[in-house]
2 protein chains.
Amino acid sequence: MTTAEAGDQPDDGEPRTPGRLRRRASRLLSQLTARSDRLINEGLARVDARKWHYAVLASLHEYGPGSQAALSRRTGIYRSDMVGVLNELAERDLVERTPDPADQRRNIVTISAPGRRQLRRLDRVLDDLHDELLAPLNPAERDQLVQLLTRLLDHHTRTP
Amino acid sequence: MTTAEAGDQPDDGEPRTPGRLRRRASRLLSQLTARSDRLINEGLARVDARKWHYAVLASLHEYGPGSQAALSRRTGIYRSDMVGVLNELAERDLVERTPDPADQRRNIVTISAPGRRQLRRLDRVLDDLHDELLAPLNPAERDQLVQLLTRLLDHHTRTP
DNA sequence: GTACATCGTTAGTCTGACTAACGCAATGAC
DNA sequence: GTCATTGCGTTAGTCAGACTAACGATGTAC
């Protein structure tokens with residue numbers, strides 16, 4: 001544990017972030033998330049994708065076709081934003097949107113063969129990007145982080 | 001380690017988030033940050049403050065008066081956004097903005113007595129809010145989390 | 001003294017999270 | 001069977017945070 005206490009003193013000139021600020025979990029989260037988001041977005045943009053694409057494709061692959069509303073619930077994307085995401089995916093022929101014969105309000109969304117291919121591709125891209133994101137941590141520490149974050153998110157999801 | 005594997009299977013009906021999605025650090029970060037931000041913002045709004053106020057006041061208190069640009073660097077707030085933050089703080093008489101006699105481009109920003117009082121108050125408010133945010137974790141785990149996040153942020157700050 | 005950097009400021013972009021309201025279809029109560 | 005309620009897809013729009021561009025004015029280096 002000699003590597004501990006990272007980020008305490010800036011070696012260069014002036015800009016010293018107050019300690020009270022530096023160790024607030026909320027600040028660490030938002031600062032890190034800003035960088036993480038940028039990293040992921042840029043990485044996905046390079047293969048003409050966005051993270052919502054991944055979420056929808058993964059959900060379709062793991063749980064099969066579903067209505068837009070169901071996809072919203074599974075992915076956490078608001079159903080108002082889902083429209084646009086599905087438009088983008090349909091443009092690229094990664095999913096198909098067909099009316100549900102059993103319920104005329106519903107569209108049934110299905111993943112296509114190219115969609116499955118793209119999903120595998122995105123999985124690899126995301127693996128690489130996460131390797132970059134988590135570079136300073138060893139595998140055990142990465143697990144630890146995921147565990148801690150999951151527990152927190154879980155708590156705040158169940159207890160709104 | 002029997003408490004592990006939180007959040008794997010939803011007990012209620014339909015909405016199952018794909019596993020590949022659920023354990024991606026980037027997603028955990030952004031989901032959790034969204035909730036954290038909301039929690040903090042609402043908490044601070046109740047005492048007529050925003051998180052930027054805290055950042056600026058803390059920086060002034062720990063490192064003394066400074067120009068707006070210096071404050072930008074210390075807090076990570078863009079200097080374009082700093083203007084508005086300082087307006088809000090000045091309205092509330094928490095800081096004073098006076099022209100630097102030595103450099104006519106600069107404003108020197110100083111914390112006022114009410115500013116110091118507000119800072120103490122915000123410190124207490126934030127302590128409580130973080131207690132809520134980190135509720136599921138024991139003190140050791142909270143430290144662990146802060147450590148891990150700090151190391152990551154550090155890495156991505158030094159290596160842009 | 002001219003070229004360049006810095007300061008405060010205004011304006012505007014982009015993304016993500018979220019709300020409101022719509023027309024329409026299905027469902028359940030009576 | 002009608003009617004209120006709920007769920008669906010969609011459009012539009014709000015709000016906040018992060019970030020860029022460009023400005024006039026001032027300071028600094030050569």
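The sequence lines fix the lettering, A, B, ..., with proteins before strands; numbering per chain opens at 1.
The nearest whole Å value for the distance from the CZ atom in A:Arg35 to the C1' atom in D:dC19 is 12 Å. The separation between A:Leu32 atom CG and D:dG17 atom C1' is 16 Å, rounded to whole Å. Per the geometry, CD1 belonging to A:Ile40 stands 15 Å off C1' belonging to C:dT15, to the nearest Å. One can place CG of A:Leu86 at 10 Å from C1' of D:dG9, the figure rounded to the nearest angstrom. Taking atom CG of A:Asp81 as the reference point, atom P of D:dT14 lies 15 Å away to the nearest angstrom. Rounded to whole Å, the distance from CD on A:Glu88 to C1' on C:dG16 is 14 Å. The separation between B:Leu39 atom CG and D:dG17 atom C1' is 17 Å, rounded to whole Å. Counting to the nearest Å, the P atom of D:dT11 and the CE atom of A:Met82 are 15 Å from each other.
Taking side-chain N and O atoms only, B:Arg50 has no distance below 4.0 Å to OP1 or OP2 of D:dA16. Side-chain N/O atoms of B:Arg97 include one lying less than 4.0 angstrom from OP1 or OP2 on C:dT9. Contact between the side-chain N/O atoms of B:Tyr78 and the OP1/OP2 oxygens of D:dA18 is not found at any separation under 4.0 Å. Between A:Arg73 and D:dG7 there is no side-chain polar atom (N or O) within less than 4.0 angstrom of OP1 or OP2. Dashed line: the shortest gap from a side-chain N or O of B:Asn41 to OP1 or OP2 of D:dC15 is not under 4.0 Å.
At a cut-off of 3.5 Å, with distance as the only test, a side-chain donor of A:Arg97 or A:Gln68 sits close to an acceptor on the other residue. There is a side-chain donor-acceptor pair under 3.5 Å between B:His61 and A:Arg20.
Between A:Arg106 and B:Arg106, the residue anchored nearer the 5' end of DNA chain D, judged by the nucleotide with its closest heavy atom, is A:Arg106.
Taking 4.0 Å as the cut-off between side-chain N and carboxylate O, A:Arg74 and A:Glu62 do not count as a salt-bridged pair. Using a cutoff of 4.0 Å between basic side-chain nitrogens and carboxylate oxygens, B:Asp143 and A:Arg23 are not scored as salt-bridged.
Closest to the side chain of A:Lys51, out of D:dA18, C:dG8, C:dG16, is C:dG16.
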Shorter than 3.5 Å, N or O on both sides, protein versus nucleotides 20-26 of chain C: list them out with atom names.
from   : atom 1 : to       : atom 2 : distance (Å)
C:dA26 : OP1    : A:Gln104 : N      : 2.6

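With a 4.5 Å cut-off on side-chain heavy atoms, A:Arg50 and A:Asn41 do not count as touching. Between A:Val95 and A:His53 the shortest side-chain heavy-atom distance does not fall below 4.5 Å.
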Point to revise | CA sep, side-chain torsions, deciding dist, call: A:Thr75, A:Trp52, side-chain contact (heavy atoms from CB on, under 4.5 Å) | key: CA-CA 8 Å; A:Thr75 55; A:Trp52 305 123; over 6 Å; no
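In this structure, B:Asp37 reaches neither bases nor backbone, as no heavy-atom distance under 4.0 Å exists between it and the strands shown.
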